[in-house]
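Here's the structure, in structure tokens; my notes come after.
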There are 2 protein chains.
Amino acid sequence: MPYDPSAFPPFAVTVDLVVLTVRRHALCALLVRRGEPPYQGRWALPGGFVRIDEDLEAAAARELAEETGLQVQDPGSGHVGAHLEQLATYGDPRRDPRMRVVSVAYLVLAPDLPSPTAGGDAHSVRWAQVDTLSTPGGGPVRDGDRPAPLAFDHDRILADGVERARSKIEYSSLATAFCPPEFTVGELRRVYEAVWGVALDPRNFHRKVTGTPGFLVPTGGTTTRQGGRPAQLFRAGGATLLNPPMLRPEI
Amino acid sequence: MPYDPSAFPPFAVTVDLVVLTVRRHALCALLVRRGEPPYQGRWALPGGFVRIDEDLEAAAARELAEETGLQVQDPGSGHVGAHLEQLATYGDPRRDPRMRVVSVAYLVLAPDLPSPTAGGDAHSVRWAQVDTLSTPGGGPVRDGDRPAPLAFDHDRILADGVERARSKIEYSSLATAFCPPEFTVGELRRVYEAVWGVALDPRNFHRKVTGTPGFLVPTGGTTTRQGGRPAQLFRAGGATLLNPPMLRPEI
DNA sequence: CGAATAGTGTCTATCAGACAATATTGG
DNA sequence: CCAATATTGTCTGATAGACACTATTCG
């Protein structure tokens, strides 16, 4: 079928963001409260329209900065900033009751922020523990009553983003995106434990990550902020793919 | 930023298909020749507009059927049909010189077809060996002169699809999507060899795939179509994720 | 028989996981 | 000292890869 640029069907294109961080040993996602219909008052993923001359990834980075103040990781500026990658695109014709909206979802991994939800007001932005949110299939939540579903199809988008993060830290060094620029092996291990929801053997974990070439680079410093014996500080090495991968314990 | 449904920027949304198969021990992609500007006469990925009331995946399945006659795998009908999954979305504002087009790319894995490019005319549809096509970064091709680049950003989309297929057969049973409903271990091994471009030890491969639970189910039949000792026939088992994964040899 | 492919057995280096033991801090 | 965390070392079972060997067909 040839293009007919003068008679194309009109779509709206948005970006939605699954922004994940690890706070107090738990995987958390950034949510915003909707101020208008549809789904007024419900929590939703941050996001917005793509501008007509704007690249999709640029739109995602712009929305991230507008809603959180986070800057996307810049190749020139070292390891500060958040990791941003495209997740998937959601385009069910009825996902927005008003019109046809195709949404390109992006996954953002960020270290725990000193100023939570900076740039927004505290009533309409929050970090929500992922394991207390409803699941698209209606699966179990950790405890307590089931919370209200997110607006639109955002429960599914969030679930897809969480699953992407869980699988990707297995074979890539992305877990360091949840850490500050300098971190200890124990802090990195607590990231894996929070994202996977499992306990890992600290001794085998230490041997594994320090033995994987390119994963961690010692900075020379030490810290005692966790209590106990001072731990070496590391920063992320250049490796992006881990070989051999970190193995997620079976069920 | 709140939605303003009455004043959204107008986008066109298309689907593009990376259709891969294994023919004569080589990974091949389906290409169509463009009959009109821009890029008139150049080869491109099959695809087309998403209809205003059509789901994205439905649009991909429809375009696949229109251009190849292939049916997407149906849960009710066993293992016939092709595997279809979303790949990524491409939305650079200048990727189409005429207007703003956001394209959702889908990856299709299909067994070698008895009737190549059924439903199309032979002049405008072809299977192209992936390793003879140009690469987005200008990397080396197997031999001979560099062919003309594909239309639009389709070289990049194709490269992303090929990389997805190469990595996904490692940890999933997707390689069976390249095989007919019944196949031998040797045929499955030749799929891995073609997709990865490496030689695998037939004996270790046999032990590995037959020892992975849920990967292969013997049908009881045998075949001698490869010559030599008759081989057992298998069909794909229910497992989708392989644990342990097939390991791609290093470089 | 020889060539070709299928399939099984064996060996070894490596590695994941369990866990003992030591090191170094704060209270 | 005790509690807590970090780090190193040791052992064992599993396995990937190399490769010898046998099985079964066709020409």
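Chain naming here is simple, since letters A, B, ... match the order of the sequence lines and numbering starts at 1 in each.
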Report each atom pair, protein N/O against N/O of nucleotides 14-16 of chain C, whose distance is under 3.5 angstrom.
unit_1: dA16(C); atom_1: OP1; unit_2: Lys208(A); atom_2: NZ; d: 3.2

Could you check whether any side-chain N or O of [X] sits under 3.5 Å from a backbone N or O of [Y], counting only pairs where one atom can act as donor and the other as acceptor?
{"X": "Thr21(A)", "Y": "Ala110(A)", "value": "yes"}
{"X": "Ser173(B)", "Y": "Phe215(B)", "value": "no"}
{"X": "Lys208(B)", "Y": "Pro245(B)", "value": "yes"}

Donor-acceptor list for residues 180-188 of chain B side chains, cut-off 3.5 Å, not counting sequence neighbours:
unit_1: Thr184(B); atom_1: OG1; unit_2: Gly186(B); atom_2: N; d: 3.4
unit_1: Thr184(B); atom_1: OG1; unit_2: Glu187(B); atom_2: N; d: 3.0
unit_1: Glu187(B); atom_1: OE1; unit_2: Thr184(B); atom_2: N; d: 2.9
unit_1: Glu187(B); atom_1: OE1; unit_2: Arg225(B); atom_2: NH2; d: 3.1
unit_1: Glu187(B); atom_1: OE2; unit_2: Arg225(B); atom_2: NE; d: 2.6
unit_1: Glu187(B); atom_1: OE2; unit_2: Arg225(B); atom_2: NH2; d: 3.2
unit_1: Glu187(B); atom_1: OE2; unit_2: Gln226(B); atom_2: NE2; d: 2.9

May I ask you to list the residues of residues 218-235 of chain A, by number, that have any heavy atom positioned under 4.0 Å from an atom of DNA chain C?
-> Gly228(A), Arg229(A), Pro230(A)
Who passes salt bridge (charged side-chain N to carboxylate O under 4.0 Å, His left out) against Asp155(A), sequence neighbours left out?
-> none
Go through the structure and list residues passing ring pair (Phe, Tyr, Trp, His ring centres under 6.0 Å) with Phe205(B), not counting sequence neighbours.
->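 Tyr192(B).
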Report the end-to-end axis angle of the helix from dC1(C)-dG27(D) to dG27(C)-dC1(D); each axis comes from five terminal pairs, and the value is rounded to 10°.
-> 0°
Between Arg164(A) and Glu170(A), is the closest basic N to carboxylate O distance under 4.0 Å?
->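 Not counted as a salt bridge, because no side-chain N and carboxylate O are separated by less than 4.0 Å.
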Report the C-alpha distance between Phe178(B) and Asp112(B) in whole Å, list the side-chain angles of each, state the deciding distance to 0.1 Å, and finish with yes or no for side-chain contact (heavy atoms from CB on, under 4.5 Å).
-> CA-CA 7 Å; Phe178(B) 288 116; Asp112(B) 191 6; over 6 Å; no
Using whole Å, what does the distance between atom [atom2] of nucleotide [N] and atom [atom1] of [X] come to?
{"X": "Asn204(B)", "N": "dT12(C)", "atom1": "CG", "atom2": "C1'", "value": "13 Å"}
{"X": "Phe183(B)", "N": "dA6(C)", "atom1": "CZ", "atom2": "C1'", "value": "16 Å"}
{"X": "Asp201(A)", "N": "dC11(D)", "atom1": "CG", "atom2": "P", "value": "17 Å"}
{"X": "Met246(A)", "N": "dG17(C)", "atom1": "CE", "atom2": "C1'", "value": "12 Å"}
{"X": "Arg190(B)", "N": "dA4(C)", "atom1": "CZ", "atom2": "P", "value": "14 Å"}
{"X": "Phe205(B)", "N": "dT5(C)", "atom1": "CZ", "atom2": "P", "value": "16 Å"}

Write down the atom of Pro46(B), the atom of Leu30(B), and the distance for their closest heavy-atom approach.
->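 Distance-wise, the nearest heavy atoms are CD-O, 3.4 Å.
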Is the Lys NZ or Arg CZ of Arg166(A) less than 6.0 Å from the centre of Trp196(A)'s six-membered ring, within 45° of the axis?
->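 Checked: cation-pi criterion not met.
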Side chain of Val185(B) (C-beta onward), nearest among dT7(D), dG7(C), dA6(D) = dG7(C)
Among dA6(C), dT8(C), dC19(C), the one nearest Arg203(B) by side-chain distance |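 Side chain of Arg203(B) sits closest to dT8(C).
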Taking only N and O in the side chain of His206(B), is any of them less than 4.0 Å away from OP1 or OP2 of dG7(C)?
->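 It does, given that an N or O in the side chain of His206(B) lies less than 4.0 Å from OP1 or OP2 of dG7(C).
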Give a yes-or-no answer on whether the side chains of Tyr90(B) and Asp160(B) include a donor-acceptor pair shorter than 3.5 Å.
-> yes
